[in-house]
Amino acid sequence: MKILVPCKRVPNPDLKLKVANGAVELAGTTWQVNPFDEYAVEAALRLTEKGKGGERVGEVVAVSIGPKDTSAQLKQLLAMGANRAILIAGDDSALDADRVARILRAVVDAEKPDLVVMGKQAVDGDDNQVGQILAASLGWPQATFLASILLAADGKSATVTRELDTGVEERRMRLPAIMTVDLRIIGKKAVRNEALAPATAEWEDTQRLASLKGIMAAKKKELREITVESLGVSGGILVKTVSHEAPPARKAGVKVASVEELVAKLHNEAKVI
Amino acid sequence: MPGTATLILLETTTSNLRSASLPTISAARKLAQANGGAVVGVVIGSGIGAAAQDAARYVDKVLCCDNPALSAALAETWAPVLVAAVKKIDAAALVASATSTGKDVLPRAAGLLGAGMASDIVAVTGTKTFRRPTYAGNALTDVEVLTPVVVATVRQTEFPPAAPAASAGTVEALEPGPIDALGSELVALHTSKSARPDLAEAKVVVSGGRGLKDATNFKVLEELTDLLGGALGASRAACDAGMVPNDLQVGQTGRVVAPDLYFAVGISGAIQHLAGMKSSKVIVAINKDPEAPIFQVADYGLQATWESTVPPLIAQIKALKAAG
Ligand SMILES: Cc1cc2nc3c(=O)[nH]c(=O)nc-3n(C[C@H](O)[C@H](O)[C@H](O)COP(=O)(O)OP(=O)(O)OC[C@H]3O[C@@H](n4cnc5c(N)ncnc54)[C@H](O)[C@@H]3O)c2cc1C
């Protein structure tokens, strides 16, 4: 089983975002792997494991499009356990979901993975498009917003559950496929490869951290840097970002001292009850 | 050059248009106005003749793609139908609500069309320009779609639900072309059965967080919810802990709500949570921690435990209603 995991670096979402003069100011930020992509790497690793901490069978390849220092995020993923990484030189200003999908399409053509597992959205652009466009481009089936993945023993199909607005949907699908993961994919028993791990297998309720051993091992792993041109991808973006603006601030509220005061305010002032 | 029509994917049951599509019809009308063209709905499914008639009350025309092989909303089969519909009416734009169906199917259709797509738009600013939240709602971003056909999903809470048009539109059959699910198949749909309004449409939302500690404690929030005729919501932490189903999660990566009244109970107010509820008209926060960030967006903050405040809150609202 070879699994490709596209990953994006995003600015630390916990830092206050600076928006000024029509632009988002990211010069002073720190970067991290998009959380959903980190979950996708965790899911991919579990799909190649005979259980938590067990022997691994198969290959997980992390791929990112970004500036040179995205290698720091890819190294972290290698330290988590990804087997190798590919960094394609690129900058957000020259990318949109369609172009990212077209670049990834070229990587899929070259790498021929059995499965692509990726985050459902990047928490900066919040587009939620790349997986679906990539699936369309490849003519592959897609399963978005996954809460669980059970890979069949024959390695040719999977049963997945999807998080919907009003419940959960269970699907069976053929591989190769594009899967995009939601938050619950890192649950203890959310992901399993029937060929490798028994039904009793359980992992941590979260994505793994890079261990010291992992960090040492990562130093010897391949991190290949390539260009978009070398993949033969041409063309430009289909959606242009014109400008950014800070959202209107909510006006400051008040603290109320008691339930009585709260009820009175909601009734007399806000008139909502 | 494409024509001027705006095509909208209308979500339906077998008999009715779903209310989740109504705000998107408003957005589509705005876009159609800018384009100087018609609003054409497309309904997809199996045995949906009645739903197509219902949907026709809101648009100039409905394309009805009714086929047993399309009963499940699979992006693999639905996206090609949308492409066929775009081609058939020479549409300038294709829109859908940013529901789990819209978010799944529209980007695939955009991919097949080679069209640029704007996700989760909150405003239509021109024929090809839209405003949308990014960075968990910490920025509002203006985007321009550069392709002849424009694709967009619409944030339901930011447009008013549309009223029926002055006269109902016509219904026309749409041939799906070859249907290939590419091996995908729906096994089961476990929908949360609830008598409460949908989160995106509720006038009141009562959400609980990790501070509720366990599932049984949500009972008291449910009582408050039902007293106010609202919908129940939750933070990620409450969903992850299994206190409530995942589909109650409000936030950047869950449901987006904008009720008249939002209660955040035992919720700290992480940016990912705020992204899903800060457009609410009135926000009430009940939290024992005076430093909790939720107080920064709350109109009314009550620094206290929920145990000591929610039961008397219910009693007093009941008394108020009895008196009123
Ligand atoms: C990729 C990603 C996506 C995410 N998406 C979302 C999302 O869509 N929605 C979302 O909600 N979160 C989301 N999160 C998680 C988010 O960052 C927070 O972790 C989460 O919102 C915290 O939930 P909480 O406020 O219930 O828990 P906590 O932050 O632990 O807060 C619990 C609060 O309860 C209070 N409390 C405790 N006991 C009591 C009591 N007895 N009475 C009153 N108050 C009490 C505490 O003071 C505290 O403020 C996401 C995170 C990531 C990484």
Side-chain angles (χ1 to χ4, degrees), chain A residues 13-14 17 19 24 96-98 101 121 123-129 132-133 135-137 139-142 144-145 147 159 163-174 183-184 237-247 250 253-256 259-260 262-263 265-267 270 272-273, chain B residues 75-76 79 99-100 103-104 107-108 110-112 115-120 133-147 182-192 228 236 246-247 252-253 255 260-261 271 278 282 284 297-303 309 312-313 316-317 320:
Chain A
D14 297 325
L17 191 74
V19 188
V24 169
D96 66 355
D98 181 81
Q121 76 191 68
V123 299
D124 51 0
D126 282 337
D127 273 317
N128 195 334
Q129 295 182 18
Q132 295 90 315
I133 300 174
S137 146
W140 285 11
Q142 73 185 48
T144 50
F145 325 144
T159 304
E163 290 200 18
L164 305 185
D165 288 347
T166 52
V168 178
E169 184 193 86
E170 191 180 334
R171 271 194 200 179
R172 239 190 315 270
M173 65 193 306
R174 199 160 70 200
L183 297 171
R184 260 57 66 169
I237 55 173
L238 308 185
V239 180
K240 183 171 121 187
T241 297
V242 179
S243 69
H244 301 276
E245 191 176 289
R250 281 190 78 93
V254 294
K255 284 263 179 87
V256 291
V259 173
E260 288 72 25
L262 175 62
V263 172
K265 295 254 194 224
L266 291 176
H267 185 61
V272 283
I273 60 170
Chain B
E76 292 85 343
T99 55
S100 24
K103 291 191 281 193
D104 184 45
R108 190 172 178 110
L112 295 176
M117 170 167 166
S119 299
D120 212 15
T134 53
Y135 297 90
N138 288 304
L140 288 171
T141 303
D142 289 318
V143 297
E144 181 185 356
V145 177
L146 305 173
T147 50
L182 306 173
S184 285
E185 121 190 57
L186 177 66
V187 179
L189 193 59
H190 310 280
T191 40
S192 324
L228 297 168
R236 175 189 179 180
N246 298 335
D247 54 37
Q252 177 189 19
T253 64
R255 302 298 303 278
D260 293 339
L261 178 57
I271 62 147
K278 68 181 176 187
V282 175
V284 174
V297 300
D299 298 279
Y300 303 112
L302 184 54
Q303 186 215 315
T309 50
L313 180 63
Q316 289 184 34
I317 294 175
L320 192 69

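Per chain, numbering begins at 1; letters A, B, ... match sequence-line order. Note that the coordinates shown come from a computational prediction; the quantities given were computed from them, not determined experimentally.
Interface remark: B:Leu186 contributes backbone and side-chain atoms alike to the contact with chain A (heavy atom separation under 4.5 Å). In this structure, no portion of A:Ala97 lies under 4.5 Å from any heavy atom of chain B. Contact of A:Leu183 with chain B is made through backbone and side chain together, with heavy-atom distances under 4.5 Å. Contact annotation for A:Val24: only side-chain heavy atoms (C-beta onward) come within less than 4.5 Å of a heavy atom of chain B. Heavy atoms closer than 4.5 Å to chain A are found in both the backbone and the side chain of B:Leu313. The contact between A:Arg172 and chain B is made by backbone and side chain atoms together, counting heavy-atom distances below 4.5 Å. Heavy atoms closer than 4.5 Å to chain A are found nowhere in B:Asp120, neither backbone nor side chain. Of the two parts of B:Glu144, the backbone and the side chain both hold a non-hydrogen atom closer than 4.5 Å to a non-hydrogen atom of chain A. The part of B:Ala298 that comes within reach of chain A is its backbone (N, CA, C, O), which places non-hydrogen atoms under 4.5 angstrom from that chain.
One finds the CG atom of A:Leu17 at 8.5 Å from the CD1 atom of B:Ile271 (value rounded to the nearest 0.5 Å). In this structure, CG on B:Asn138 lies 12.0 Å from CG on A:Asp124, to the nearest 0.5 angstrom. A distance of 6.0 Å separates CG of B:Leu189 from CD of A:Glu169, quoted to the nearest 0.5 Å. To the nearest 0.5 Å, atom OG of residue B:Ser184 and atom CZ of residue A:Arg174 are 8.0 Å apart. Atom CG in B:Leu320 sits 4.5 Å away from atom NE2 in A:His267 (nearest 0.5 Å). The CG atom of A:Leu238 lies 5.5 Å from the OG1 atom of B:Thr147; values are rounded to the nearest 0.5 Å.
Of the listed residues B:Gly183, B:Gly111, B:Gly116, the one with more heavy-atom pairs under 4.5 angstrom with chain A than any other is B:Gly183. The candidate from A:Gly125, A:Ala246, A:Ser243, A:Ser137 with the greatest count of non-hydrogen atom pairs under 4.5 Å with chain B is A:Ser243. When the candidates A:Pro141, A:Gly253, A:Ala101 are compared by the number of heavy-atom contacts under 4.5 Å with chain B, A:Pro141 comes out ahead. In terms of heavy-atom pairs under 4.5 Å with chain A, the best-connected choice from B:Val284, B:Thr99, B:Asp104, B:Thr134 is B:Asp104. Of the listed residues (B:Leu228, B:Asp260, B:Leu261), the one with the most heavy-atom contacts under 4.5 Å to chain A is B:Leu261. Of the listed residues (A:Ile133, A:Thr241, A:Ile273, A:Val259), the one with the most heavy-atom contacts under 4.5 Å to chain B is A:Val259. Ranking A:Asn128, A:Asp98, A:Leu164 against chain B, the residue ahead of the rest is A:Leu164, based on heavy-atom pairs under 4.5 Å. Per-residue counts of heavy-atom pairs under 4.5 Å with chain A were compared for B:Ile317, B:Leu302, B:Thr191; the largest is that of B:Leu302. With chain A as partner, the option from B:Asn246, B:Thr309, B:Val297, B:Val143 having the largest number of non-hydrogen pairs under 4.5 angstrom is B:Asn246. Most heavy-atom pairs under 4.5 Å with chain B: of the set A:Gly167, A:Gly139, A:Ala147, A:Pro13, this distinction falls to A:Gly167. Interface remark: of the candidates A:Lys255, A:Lys265, A:Met173, A:Lys255 forms the most heavy-atom pairs closer than 4.5 Å to chain B.
Minimum heavy-atom separation, A:Pro247 to B:Leu140: CA-CD1, 3.9 Å. Counting all heavy atoms, side chain and backbone alike, A:Gln129 lies closest to B:Met117 at NE2-O, 3.1 Å. A pairwise comparison of heavy atoms in B:Ala75 and A:Gln142 identifies CB-NE2, 3.2 Å as the closest pair.
Remark: side-chain polar atoms of B:Ser100 are paired, donor with acceptor, to backbone N or O of A:Asp165 under 3.5 angstrom. A distance-only check finds a donor-acceptor pair linking the side chain of A:Gln132 to the backbone of B:Lys103 [under 3.5 Å]. With hydrogens and angles disregarded, a donor-acceptor distance shorter than 3.5 Å links the side chain of A:Arg250 to the backbone of B:Lys278. Checking side-chain atoms of A:Gln121 against main-chain N and O of B:Thr253 turns up no donor-acceptor pair under 3.5 Å. A:Glu163 places no side-chain N or O within donor-acceptor distance of the main-chain N or O of B:Asp247, the cut-off being under 3.5 Å.
Residues passing the side chain to side chain contact (heavy atoms under 4.5 Å, CB included) test with A:Ala270, sequence neighbours excluded: A:Val272, B:Val282, B:Tyr300. Partners of B:Ala79 by side chain to side chain contact (heavy atoms under 4.5 Å, CB included), not counting sequence neighbours, listed by chain and number: B:Val105, B:Arg108, B:Ala109, B:Leu112.
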